[in-house]
Every structure is written in structure tokens, then in C-alpha cells.
Amino acid sequence: MRTTEETEGFDGEASNTSMISGASSPYQPTTEPVLSRNVLGAMRCDMEYLRSYFGILKAVEVVLSFIGFICIETIMMCSPCAGVYFFEFVSCSSFVVTGVLLLIFCINLHIKVPQVNWNLTDLVNTAASTFFFFLSTLVLACINHNTGSEIAAVIFGFLVTGVYSLNTFLAVRRWRSGNGCQAAAQTSEYMRARTASRGEMEARPELA
């Protein structure tokens, strides 16, 4: 029968041995948070998106909207001013919203927020911008004083309307193809589940 001192000595040796083996083990827990590393890794400039059709169109839309906003801001006097104010609001709103979406897609922030349907969000923004830019440019073309700033704003307004129209067409195609792929994936998953269930029933006839 071992004494208390022998037992304590054995326990001390075991604990020392476990500490030494734990210290020399190559599988040590890291102190770097994995979540922050993934977030920093995802937030990078996506040059592939900037070279794509959507990236180029969005950059052109931001530039043309900003130029149109600058042109309308250089008008000192107007009467009536409804067309000027309407075009000013549309150009500024489109510049801000499209610029924010361009930034989100460029730094891959949309990947970290998968709860939002970004394809549909982009489609709604481009369609709304196309409609309101066309309407505000048409109103400004009908109600103006033929000044240089108003004519330039009308020209850039129709140009950015055309770019937004092309972006809307491509966004609709992308949204439809995305829904088609999702529906096909759901159908394939359903058929796989039916096949697995049927195989289980054949393997266990007592369940039939």
C-alpha cells in the first residue's frame, strides 16, 4: 500500500509530465482571433469586379452623375426652378447610392452580409435610377433657359440614363439566371432526398 507522500509524488510527476508534453506539442492554440482575420481578408479591393461589365458601368454611372450634379449646381438663377431642383436631387441621390454599392462590391463586403439579396438590390437601384434620371432630364430639357450649364446637365443626364439602362438590362439577366440556378439546386436537392428516402424504404421493407 502506497503512502500519502508516494501518491503525492506520483501526481506531481504526472502533472509535470503533462505540462512538458503540452508545452512541446506543435498543436498549440493561437491567440489570433479567426473572425477578425477572416473579416480583414475579405475586405480587399476586388480588381476582377472593377474590370467586369458591372464594375465599369457603375464607375461610369458615378462619374456621370457627379458631373451632372456639378453642372446643375453652377446655375445661379432659375425661374421656374422645379426642373433644376428635381435633377439636382436625382443626380445627387444616384451618385451617393451607386457610389456606396460600388464600394461594397469592390471590397467584397457583400460576402460578409449574405442575408441581403445584393443582385436584387443592384437591380432595384439601377432601374429606379434609370427611370428618375430619364424623367428629371426630360423635365429639365423642357423647362430651361438654354444656358450652358442646363444644356450640359441635359446632355450628361441622357448619357447616364443610357448607361443605367444598359446596367439594368444586364442586372435583370443576372437576377433571372441566379433564380434559375437556385431553383435547379433546390430541385436537385429534393430529388436527392427522395432517392435517399426510397433507398431506405427498400432496405427496410418493414417500414412499408
Side-chain angles (χ1 to χ4, degrees), residues 42-75 78 80-144 149-188:
M43 294 181 61
R44 57 181 179 82
C45 184
D46 190 358
M47 299 304 298
E48 293 296 329
Y49 178 79
L50 290 177
R51 298 191 195 100
S52 65
Y53 292 119
F54 289 100
I56 295 173
L57 289 175
K58 276 205 172 18
V60 174
E61 290 162 1
V62 170
V63 172
L64 292 179
S65 300
F66 184 66
I67 294 176
F69 177 73
I70 292 177
C71 292
I72 208 69
E73 284 296 310
T74 56
I75 299 176
C78 60
C81 297
V84 174
Y85 292 156
F86 186 27
F87 187 90
E88 179 183 12
F89 172 76
V90 172
S91 58
C92 181
S93 301
S94 300
F95 168 72
V96 172
V97 176
T98 306
V100 170
L101 287 176
L102 178 62
L103 179 63
I104 289 175
F105 290 134
C106 282
I107 62 177
N108 288 328
L109 189 59
H110 61 288
I111 299 177
K112 306 304 296 182
V113 189
Q115 295 82 4
V116 179
N117 191 337
W118 292 104
N119 291 338
L120 182 60
T121 302
D122 185 33
L123 173 59
V124 171
N125 173 64
T126 53
S129 299
T130 302
F131 173 75
F132 284 110
F133 247 120
F134 176 75
L135 184 61
S136 62
T137 306
L138 189 63
V139 171
L140 184 63
C142 297
I143 308 174
N144 66 79
S149 299
E150 290 175 327
I151 294 174
V154 170
I155 293 175
F156 282 105
F158 281 122
L159 285 176
V160 73
T161 300
V163 178
Y164 269 116
S165 300
L166 178 59
N167 195 356
T168 302
F169 173 74
L170 296 177
V172 168
R173 287 193 359 179
R174 181 179 62 180
W175 179 66
R176 286 181 176 177
S177 63
N179 286 347
C181 293
Q182 183 178 3
Q186 291 178 352
T187 304
S188 177

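Just so it is clear, the structure is predicted and the values come from calculations on it, not from any experiment.
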Not counting sequence neighbours, which residues clear side chain to side chain contact (heavy atoms under 4.5 Å, CB included) with Ser52? List them please.
-> Tyr49, Phe54
Ser65 side-chain N/O to Val62 backbone N/O, donor-acceptor pair under 3.5 Å = no
State, yes or no, whether a side-chain contact exists between Ile75 and Glu88 at a heavy-atom distance under 4.5 Å.
-> no
Side chain to side chain contact (heavy atoms under 4.5 Å, CB included) partners for Ile67, two or more places apart | Val63, Cys71, Phe156
Of all heavy-atom pairs between Cys106 and Leu50, which one has the smallest distance, and what is that distance?
-> SG-CD2, 3.1 Å
Closest approach of Leu102 and Gly55, non-hydrogen atoms and distance?
-> CD1-O, 4.2 Å
Least distance between heavy atoms, Pro80 atom then Ile143 atom = CG-CG2, 3.5 Å
Only counting residues at least two apart or in another chain, list the ones meeting side chain to side chain contact (heavy atoms under 4.5 Å, CB included) with Val172.
-> Leu123, Thr168, Arg176
Would you say His110 and Thr121 make side-chain contact, with heavy atoms under 4.5 Å?
-> no
Taken to the nearest 0.5 Å, the spacing of Glu48 CD from Asn108 CG works out to 11.0 Å
Would you please name every residue forming a side chain to side chain contact (heavy atoms under 4.5 Å, CB included) with Val163, sequence neighbours left out?
-> Leu57, Val60, Glu61, Leu64
Phe69, CZ atom: more than 12 neighbouring heavy atoms under 6.0 Å = yes
Gap separating the CD atom of Glu73 from the SG atom of Cys92, nearest 0.5 angstrom = 8.0 Å
Please round to the nearest 0.5 Å and tell me the distance separating atom CG of Leu109 and atom NZ of Lys112.
-> 9.5 Å
Applying disulfide (SG to SG under 2.5 Å) to Cys81 and not counting sequence neighbours gives Cys78
Among Thr130, Thr126, Thr98, the one residue meeting side chain to side chain donor-acceptor pair (under 3.5 Å) with Tyr164 | Thr98
Does Trp118 use its side chain to pair, donor to acceptor, with the backbone of Phe105 at less than 3.5 Å?
-> no
Considering residues at least two apart in sequence or located in another chain, which fulfil the side-chain hydrogen bond (donor to acceptor under 3.5 Å, both in side chains) criterion with Ser165?
-> none
Closest non-hydrogen atoms of Phe87 and Gly68, given as atom of the first, atom of the second and distance, are CE2-O, 3.6 Å
Ser149 to Thr74 - nearest heavy-atom pair and separation = OG-OG1, 2.9 Å
Considering only heavy atoms from C-beta outward, does the side chain of Ile72 approach that of Leu140 to under 4.5 Å?
-> yes
